[in-house]
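Before any comments, here is the structure.
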Amino acid sequence: MANDGPVEHGYPHLETVRAAITALYRRLSYDTIRTFGSSVAPADVAFCDTDDLYPGAQRVARELVLHYRLPDARLIVSFRGMTHAANVELAAGPEYFVELNDRFRAHRRDIGAALAHEVTHVYLHRLGLSFPGTRDNEILTDTTAAYLGAGWLLLDAYREDAVTSQKLGYLTPEEFGYVLAKRALVFGEDPSVWFTSPQAYTAYTKGLELARHDGRQPPLTAAGWAGRRRYARDRRHAQDEHADAAAPGVPYSFAPQTGGQLRVSFPCPTCHQRIRVPVRGRLRARCALCRTVLECDT
């Protein structure tokens, strides 16, 4: 939790974020992810300073548990002084003990954001899905929260001015915006209307720009002129060399198939699983993982 300190910006964890989205689709399946088409509603997790602290925190925790469809999970929320925003004890269940930073006694509107991260930990624990290492596992947790409809609360808790700052979670604001935008492009849901923080809205628009850029990379037909020209040059080089070829700085790579025909490999713009198709001009490809249909010019 950044508290009146410097907030990291940009996309330093982007590769791990993309790997987390792929892992979600592999573990949950397309059909399960589609059941999270509606995000947590702002009214369901609203918490004002006049609400009773403990009953209010339990109410918000219960709403998040219901969002993740964990009806038998019970969260016991308490507060204590700590460095991090919150902590959850991942035991066998069904009871899970969550500790929130004492800071939230006076900043109650952000309790939902802190709980969103911790309930996502419980959800992933029950799925048996994790990444090796604390850092990558926390990035997986933030990415899951944002992609499955609870993480907009974490971005909305980001506030920064010339004197103070606050950010929850391990992703940068722009990375949260990127994952929320990836979700928005899949479900047609605009989370920006729920933001109370102007800085959160700015981070979301930056993330949305990058998410849209993913869908404009060659060999997709939506790629721009410069990308198509570079792709054609790299393709000619691969055909002349008759060997595996991955140009630096681009997401695609070429490799020969049996019989000498070339194939191209590139990441799906939705789930980032790599797709391999033959190099033979215009074609339509369907990602087997997220079922996205892609118009390509290989």
Side-chain angles (χ1 to χ4, degrees), residues 10-34 36-37 120 124 127 129-133 135-149 151 155 169-172 174-189 191 203-204 206-224 227 230-231 234 244 246-255 263-277 283-298:
Y11 303 93
H13 316 111
L14 187 58
E15 290 307 311
T16 307
V17 166
R18 288 171 171 167
I21 294 174
T22 307
L24 266 184
Y25 273 95
R26 287 176 177 165
R27 179 63 183 86
L28 292 181
S29 80
Y30 166 85
D31 291 327
T32 301
I33 284 182
R34 296 301 298 188
F36 288 92
T120 306
L124 292 173
L127 285 177
L129 177 59
S130 63
F131 277 1
R135 170 188 169 276
D136 286 359
N137 203 52
E138 294 291 353
I139 292 170
L140 169 65
T141 302
D142 280 342
T143 303
T144 300
Y147 204 82
L148 297 187
L155 180 55
Y170 287 71
L171 299 184
T172 68
E174 293 78 14
E175 287 169 340
F176 268 121
Y178 173 76
V179 181
L180 290 171
K182 300 290 278 190
R183 171 186 168 80
L185 294 174
V186 169
F187 292 104
E189 182 185 69
Y204 174 72
K206 291 179 179 179
L208 179 60
E209 182 179 349
L210 180 59
R212 286 174 172 162
H213 182 70
D214 287 348
R216 297 194 294 262
Q217 293 293 305
L220 301 176
T221 56
R230 178 170 184 175
Y231 177 84
D234 294 337
D244 292 1
V250 297
Y252 54 81
S253 61
F254 297 97
R263 69 178 181 182
V264 61
S265 169
F266 61 96
C268 170
T270 299
C271 70
H272 298 286
Q273 175 174 262
R274 293 198 73 82
I275 298 172
R276 294 172 177 82
V277 295
L283 55 84
R284 180 175 292 173
R286 183 180 184 181
C287 178
L289 190 59
C290 69
R291 304 185 187 178
T292 301
V293 177
L294 305 169
E295 298 290 341
C296 306
D297 186 358
T298 60

Which distance, rounded to the nearest 0.5 Å, do you find between the [atom1] of [X] and the [atom2] of [Y]?
X      : Y      : atom1 : atom2 : value
Arg274 : Arg276 : CZ    : CZ    : 7.0 Å
Leu171 : Ile139 : CG    : CD1   : 6.5 Å
Thr172 : Lys206 : OG1   : NZ    : 10.0 Å
Thr120 : Leu148 : OG1   : CG    : 7.5 Å
Arg26  : Gln273 : CZ    : CD    : 5.0 Å
Leu124 : Phe131 : CG    : CZ    : 9.5 Å

Show the nearest heavy-atom pair for residues [X] and [Y], with the distance to one decimal.
X      : Y      : result
Gly37  : Glu189 : O-OE2, 3.6 Å
Thr22  : Cys271 : OG1-O, 2.5 Å
Ala146 : Phe176 : CB-CD2, 4.4 Å
Gly215 : Ala222 : O-CB, 3.5 Å
Lys182 : Thr270 : CE-O, 4.0 Å
Cys268 : Cys290 : SG-SG, 3.5 Å

Would you find more than 12 non-hydrogen atoms of other residues, nucleotides or ligands less than 6.0 Å from Arg34 atom CZ?
yes
Testing Asn137, Thr141, Leu24 for side-chain contact (heavy atoms from CB on, under 4.5 Å) with Leu129, which one passes?
Leu24
Positive for side-chain contact (heavy atoms from CB on, under 4.5 Å) with Tyr147, one of Val17, Asp142, Ile33, Leu180:
Ile33
Please examine the side chains of Arg216 and Leu220, heavy atoms only from C-beta on, and report whether any two atoms are closer than 4.5 Å.
no
Is any side-chain heavy atom of Leu283 closer than 4.5 Å to one of Cys296?
yes
Output yes when a side-chain donor or acceptor of Glu174 lies under 3.5 Å from a complementary backbone atom of Gly10, and no otherwise.
yes
Do Arg291 side-chain atoms and Tyr30 backbone N/O form a donor-acceptor pair below 3.5 Å?
no
After noting the C-alpha distance and the side-chain angles of Phe266 and Ile275, does the key distance pass the side-chain contact (heavy atoms from CB on, under 4.5 Å) rule?
CA-CA 5 Å; Phe266 61 96; Ile275 298 172; 4.1 Å; yes
Going through the checks in order, is the side-chain contact (heavy atoms from CB on, under 4.5 Å) test met by Phe254 and Arg263?
CA-CA 6 Å; Phe254 297 97; Arg263 69 178 181 182; over 6 Å; no
Residues Glu175, Thr16; criterion side-chain contact (heavy atoms from CB on, under 4.5 Å); working and verdict
CA-CA 11 Å; Glu175 287 169 340; Thr16 307; over 6 Å; no
Can you check side-chain contact (heavy atoms from CB on, under 4.5 Å) on Arg284 and Leu294, steps first, answer last?
CA-CA 6 Å; Arg284 180 175 292 173; Leu294 305 169; over 6 Å; no
Take Tyr252 and Asp234 through the side chain to side chain donor-acceptor pair (under 3.5 Å) test and state the conclusion after the steps.
CA-CA 10 Å; Tyr252 54 81; Asp234 294 337; 2.7 Å; yes
Will you find, in the side chains of Glu209 and His213, an N or O donor that is under 3.5 Å from an N or O acceptor?
no
According to the interplanar angle, ranging from 0 to 90°, do the rings of Tyr11 and Tyr178 count as parallel (below 30°), tilted (30 to 60°) or perpendicular (above 60°)?
perpendicular
Under a 4.0 Å N-O cut-off, is there an ion pair linking Arg18 with Glu15?
yes
